[in-house]
Amino acid sequence: MAALYDFDTAIDRRGTWCVQWDGVADRFGVDGLLPFTISDMDFATAPEVLAALRDRLDHGVFGYTTWQQDDFRSAVAHWYATRYGTEIDTGQLVYGPSVLNQLSQLLQMWTGEGDGVVVHTPTYDGFRKAITGLGRELRGVPVGDEEALVRELARPDAKVLVLCSPHNPTGRVWTAAELTRMAELAERHGVAVISDEIHADFVHEGHVHVPWTRVAGEGRWALISSGSKAFNFPALTGSYGLIGDPADRAEYLRRMETAEGLASPAVLSLTAHIAAYREGGPWLDAVRAYVAGNLGHVAERLSADLPELGWEPPQAGYLAWIDLRAAGVDDAELQRVLVERERVAIMGGAVYGAPGFVRLNVGCPRGKVERGVEALIRAVKAVTSSPSGV
């Protein structure tokens, strides 16, 4: 029987103003590279989402819109109940154009210039830009280093813990015990928590995502997320959050509606979210299984040709975070060979504060993944066999 969804057929994204394909020269300095970069997928979104968007377009009127209506709120509640066994308080919901915009607003509410903001390292570059761009001090804590986490949260000027759950770029899924411990520490030291859970829907088999609402306790907190990552519609914009404290929630809404002038959300984003969260589950399960197969292929090829890496697939996501330090790779030379000889664009770990790593996006057809991992293997071998990669 034919598969219900086709993830093998490549969709040409060139010429669509696409950052990953059309904007590759902005980061790598060369056009025409095969990209495995920014974290969106090369797949069309769920058919149910597309159908809902077409219906909304057919209506033809696109006036000012409100997100504060039951269709949207109940869809989010339905998703958390069915996917995570978690009942959310829809009265805590807020809306924003993106998770990074929400992060910026919350940081401005809960911190002042020069205050410490704790993050896990390696760190998603969007966090770094938002935190340092606001004049706050980024305080890095290695993933899994509880001693460092305790030390940084205890500093008097530490105001916020920005948590990436699951973690980007490593794909780490935090356990309930780890999250509970973070909540306890944050509350003890009066540190607010902003939990970015945009990668939650891509947790792989054998692991379970725990929403921050289940461990939050009495501390100050916000959960920010969007369906755009899992269902691949970031260009529609749109995200949502849950903010625990009523006064904080009111202040956030005031800032968005007055200071930021963002009272009316993008109607197509609302439409896409509602359809995804009400009807898109089967598609998401299928695409996640396909991506797991892609990650398995990467693991198989690296095990065969670069066994010294000991690489295993991430617990969540479609981003293969690969530690090349055991191979003794020079980052700059590797990037030169990848770009000039292999003609591929793969994110270097230095972008996330982790030299010696690369981040390979496998949210794409298997044929593209095969080309990417073979190019990476050839480049690593070239660089390690000759200082100049020739």
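Both backbone and side-chain heavy atoms feed into the values below; hydrogens, waters and symmetry mates do not. Sequential numbering from 1 along the given sequence is applied to the chain's residues. Everything quoted here is computed from the prediction, not taken from an experiment.
A search for side chain to side chain contact (heavy atoms under 4.5 Å, CB included) contacts involving Ser39 returns Lys229, Tyr318, Leu319, Arg359, not counting sequence neighbours. Under the rule for a side chain to side chain contact (heavy atoms under 4.5 Å, CB included), the partners of Glu113 that lie at least two apart in sequence or sit in another chain are Arg136. The side chain to side chain contact (heavy atoms under 4.5 Å, CB included) search around Tyr5 returns Phe7, Pro47, Glu48, Pro282, Trp283, Ala286, not counting sequence neighbours. Residues satisfying the side-chain hydrogen bond (donor to acceptor under 3.5 Å, both in side chains) test with Asp145, not counting sequence neighbours, are none.
Within 6.0 Å of CD on Gln69 lie more than 12 heavy atoms contributed by other residues, nucleotides or ligands.
With salt bridges taken as basic N to acidic carboxylate O contacts below 4.0 Å, one links Arg288 and Asp285. Remark: Asp305 does not engage Arg378 in a salt bridge, criterion side-chain N to carboxylate O under 4.0 Å.
The closest donor-acceptor contact from the side chain of Ser225 to the backbone of Glu197 lies under 3.5 Å.
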Could you go through residues 181-191 and list every donor-acceptor pair under 3.5 Å that involves a side-chain atom there, pairing it with any protein atom two or more places apart or in another chain?
unit_1 : atom_1 : unit_2 : atom_2 : d
Arg181 : NE     : Glu146 : OE2    : 2.5
Arg181 : NH2    : Glu146 : OE2    : 3.0
Glu187 : OE1    : Glu218 : N      : 3.4

Only pairs under 3.5 Å count here: list side-chain donor-acceptor contacts from residues 253-260, not counting sequence neighbours, and write none if there are none.
unit_1 : atom_1 : unit_2 : atom_2 : d
Arg254 : NE     : Glu251 : OE1    : 3.0
Arg254 : NH2    : Glu251 : OE2    : 3.0
Arg255 : NE     : Gln105 : OE1    : 3.3
Arg255 : NH2    : Gln108 : OE1    : 3.2
Thr258 : OG1    : Arg254 : O      : 2.4
Glu260 : OE2    : Gln105 : NE2    : 3.3

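Side-chain polar atoms of Tyr84 and Thr213 form no donor-acceptor pair below 3.5 angstrom. Looking at Asp115 and Trp110, their side chains never bring a donor and an acceptor atom within 3.5 Å of each other.
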